[in-house]
Amino acid sequence: MKRILIVLIVIVAAVAGTMYFRRQAAADPMTYLFVPISKGHIESTVAATGNLSAVDSVQVGTQVSGRITALYADFNDHVQKGQLLARLDTTVLRLSVDRAEASTTQGLASLRQAKFALDQTQRLLETKAATQTDYESAAASFAVAQANLKSDSVQLKEAIQNLEYATIYAPISGIVIKRSVDVGQTVAASFSAPELFLIAGDLKELQMLAMVDESDIGKIKKGQDVSFTVEAFPNRTFHGQVQQVRLQSTVSDNVVMYPVLVEVENPDGSLLPGMTATANFLVAQAKDVFKVPTGALRFQPTQEMIAQFRKETGGSADSGAARGARGGANGGNGGNPGARGGFGAPGGGFGAAGARPTNEAALWYVKKDGSLAVMHVHTGLTDGQFTEVSGEGLQDGMQVIGAVTGGSAAGASVQNPFSGNSDRGRGGFRRGGF
C-alpha cells in the first residue's frame with residue numbers, strides 16, 4: 001500500500017510539473033533569432049580526394065642480372081640525363097663477351113676453309129676431276145660457314161650490349177624519389193626488369209588524379225579551377241586546373257567513380273609526390289550578390305506569427321498577404337508566389353549544388369515599427385551554407401528571422417531550421433523580440 005502511494009505521488013508531481021512548465025512556456029514572450037542578408041560571392045563546388053604525383057616519372061631498371069657493386073645516386077639526389085647511377089658486377093658478362101669473340105674467330109676460320117674448299121672444287125670441276133655433286137656440297141658448306149659466322153657476330157654484339165647494360169645511367173633529368181637496391185644486393189632480370197631507382201621529373205609541376213562521383217562528373221569540364229588542401233599544410237590552399245576527364249571508371253563500394261587529371265603548380269616545392277589532397281572543383285560562382293544563410297529560407301512561421309501578421313496587415317483570408325503567410329507556414333503549392341514550394345522548403349531542388357533554379361522563397365522580418373513583414377525573393381546558387389537571393393527591397397545587412405523561441409514555439413525544434421544551439425546566439429544570429 002505504501003509503495004502504491006509513493007507511485008501515485010510521483011505521477012501527480014510529474015503531471016503538475018509538466019502543466020507548470022507548459023504554462024510558463026505559454027507565458028514567455030515570443031523571441032526571434034535574426035540572421036543578416038549580406039552581399040558577397042558564392043561558389044558552388046564538387047568535392048573529391050586524390051593523390052599528387054610527378055608529371056614525368058621513370059622507373060630505372062636493369063635488363064641483366066648481377067650483383068650491385070656501386071651506387072652513385074641516393075634519395076632526393078638531383079640527377080641529369082645520362083648521369084651514372086649504378087654499376088653491376090661484370091665478371092660473368094665479360095666472360096660472355098670473350099666466349100662470343102672466340103666463337104666469332106672460329107666461325108671466321110671455318111668460313112675461310114669453306115671458301116678455299118669451294119674454289120678448289122670449282123677448278124677440279126672445270127678439268128672434269130670433280131663431279132657436280134662435289135661442287136654443290138662444297139658450296140653448301142660455304143653457305144653454312146657464312147651463316148655460322150653471322151650468328152657468332154650477333155652473339156658477340158649481344159654480349160657487348162649486355163656488358164653495357166651493367167652500367168646504369170639516368171634516362172631523364174630529375175630527382176631520385178626512390179632507391180630500391182643497396183650495394184652487394186643481387187638483382188635478377190628474368191621476366192621483367194627489376195626496379196633500381198624511381199626518378200621524377202621537374203617537381204615544380206605536379207599532377208593530381210582525383211576520383212569524382214558519377215553524380216558530379218557531368219559538372220567537371222576541362223580548364224575548371226580546382227582548389228585543394230593537404231594535411232601537411234592544413235591552413236594553406238593550393239590551386240590547379242582540370243586537364244582531363246578520363247573515361248575509365250572504377251567501382252568502389254558500389255559507387256562509380258571517374259578519375260580527373262588536374263595540373264598543379266608547385267613553384268616553391270612544398271607539395272610532394274604521394275600526398276593526399278582534398279580538392280574542390282569550382283563548377284559555378286556568383287559574384288557580388290545578396291546571400292542569406294540557407295536555413296532562413298526553410299523557416300516556418302508559427303501560428304502566432306501568422307495571426308499577428310493578419311492582424312497587422314488587416315488582410316482577409318483571401319488577401320495576397322494572408323495567402324503568402326499561409327504558404328510560408330504550411331509549405332503549400334497554390335497558384336501564388338508566396339505558396340510555391342513552401343517558401344524555400346527543401347523540396348524543389350533549390351539547394352542542389354551547382355544549380356541556379358528560379359524557385360521562390362519568403363523571408364520574414366520585423367519592420368522598424370515592430371510589425372511583421374514578408375519579403376518574396378528568388379533563390380539562386382547555393383554552397384550549402386549560404387544561398388543567393390534576389391528581389392525588391394533587399395539590403396546589405398538587413399536582418400531576417402531565422403528561428404523563433406518562446407511562446408508556443410518553445411522547445412519545438414521544427415521552428416529552428418539551423419543547428420540545435422542556434423538559439424544561444426551562435427551562427428550569426430541576433431536575438432530580438434517584440
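Quick caveat, the model's predicted, so the values are computed rather than measured. Just so it is clear, the values below take in all heavy atoms, side chains as well, and ignore hydrogens, waters and symmetry mates.
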* Spacing of CD belonging to Q395 relative to OH belonging to Y365, to within rounding of 0.5 Å -> 9.0 Å

* With the side chain counted from C-beta on, respond yes when S110 and L149 share a heavy-atom pair under 4.5 Å apart, and no when they do not. => no

* Asked: Can you check side-chain contact (heavy atoms from CB on, under 4.5 Å) on L297 and V389, steps first, answer last?
  -> CA-CA 10 Å; L297 298 170; V389 292; 4.2 Å; yes

* Return yes if a side-chain donor-acceptor contact under 3.5 Å exists between T294 and T387, otherwise no. => yes

* For the side chain of D216 and the backbone of D213, is there at least one donor-acceptor N/O pair under 3.5 Å apart? -> no

* Asked: Any sub-3.5 Å donor-acceptor pair from T379's side-chain atoms to N359's backbone N or O?
  -> yes

* Answer yes or no: is there a side-chain heavy-atom contact under 4.5 Å between Q106 and D152? => no

* Asked: Looking only at heavy atoms, what is the nearest atom pair of I37 and V292, with distance?
  -> CG1-CG2, 4.2 Å

* **Point-to-point distance, once rounded to the nearest 0.5 Å, from CD of E158 to OG of S153** => 13.0 Å

* Using a distance-only test with no angle check, is there a side-chain donor-acceptor pair under 3.5 angstrom linking R246 and Q244? -> yes

* If you count the non-hydrogen atoms of other residues, nucleotides and ligands that lie under 6.0 Å from CD in E164, is the total more than 12? -> yes

* Asked: Any sub-3.5 Å donor-acceptor pair from H378's side-chain atoms to E360's backbone N or O?
  -> no

* Under the 3.5 angstrom rule, does the side chain of T302 hit a backbone N or O of M305 as a donor-acceptor pair? -> yes

* Asked: Minimum heavy-atom separation for I199 to A170, with atom names?
  -> CD1-CB, 4.2 Å

* **Validation row: S270, R236 side chains within 4.5 angstrom (heavy atoms)** => yes

* Step-by-step side-chain contact (heavy atoms from CB on, under 4.5 Å) determination, L156 to I160 -> CA-CA 6 Å; L156 177 59; I160 294 174; 4.0 Å; yes

* To do: Verify, without hydrogens or angle tests, whether D253 (side chain) and V255 (backbone) share a donor-acceptor contact under 3.5 angstrom.
  => no

* Hey, could you give me the NZ/NZ distance between K291 and K39, rounded to the nearest 0.5 Å? => 12.5 Å

* Asked: So, the side chain of R99 versus the backbone of E101: is there a donor-acceptor pair under 3.5 Å, distance only?
  -> no

* Asked: Looking only at heavy atoms, which two atoms of V400 and A296 are closest? And how far apart?
  -> CG2-CB, 4.4 Å

* Quick one: NE2 on H78 to CD on Q83, what's the gap to the nearest 0.5 Å? -> 11.5 Å

* **Closest non-hydrogen atom pair between A54 and P273, with its separation** => N-CB, 4.4 Å

* To do: Taking all non-hydrogen atoms of both residues into account, name the closest pair between V176 and A73 and its distance.
  => CG2-CB, 4.3 Å

* Examine distances only and state if a side-chain atom of E312 and a backbone atom of L372 form a donor-acceptor pair shorter than 3.5 Å. => yes

* To do: Could you check F228 against V262 for side-chain contact (heavy atoms from CB on, under 4.5 Å), going step by step and ending with a plain yes or no?
  => CA-CA 11 Å; F228 65 94; V262 179; 5.8 Å; no

* **Side-chain touch S65/V187, heavy atoms, less than 4.5 angstrom** => no

* Where do H376 and A362 come nearest, in terms of heavy atoms and distance? -> ND1-CB, 4.4 Å

* Separation between CD of Q241 and CD of E265, rounded to the nearest 0.5 Å -> 9.0 Å

* Asked: If we only count heavy atoms from C-beta on, is the M208 to V226 side-chain gap below 4.5 Å?
  -> yes

* Report yes if the distance between the aromatic ring centroids of Y32 and W364 is under 6.0 Å, otherwise no. => no

* Okay, side chain of S173, backbone of K81: is any donor-acceptor separation there less than 3.5 Å? -> yes

* Asked: Hey, is the main chain of T45 close enough, under 3.5 Å, to the side chain of N280 for a donor-acceptor pair?
  -> no

* Asked: Checking S371 side chain against K367 main chain: does a donor-acceptor pair fall under 3.5 Å?
  -> no

* Asked: Is there a side-chain contact between L85 and Y72, using heavy atoms and a 4.5 Å cut-off?
  -> no

* Verdict with supporting geometry, R94 and L163, side-chain contact (heavy atoms from CB on, under 4.5 Å) -> CA-CA 7 Å; R94 289 187 182 279; L163 180 61; 3.8 Å; yes

* Heavy-atom distance under 4.5 Å between the side chains of L71 and F197, does that happen here? -> yes

* Asked: Q224 and side chain to side chain contact (heavy atoms under 4.5 Å, CB included): which partner among V260, L282, V242?
  -> V242

* Asked: Which distance, rounded to the nearest 0.5 Å, do you find between the OG1 of T382 and the CD1 of I42?
  -> 6.5 Å

* Any Y169 side-chain heavy atom under 4.5 Å of T167 side chain -> yes

* **Donor + acceptor pair across side chains of D383, S44 (<3.5 Å)** => no

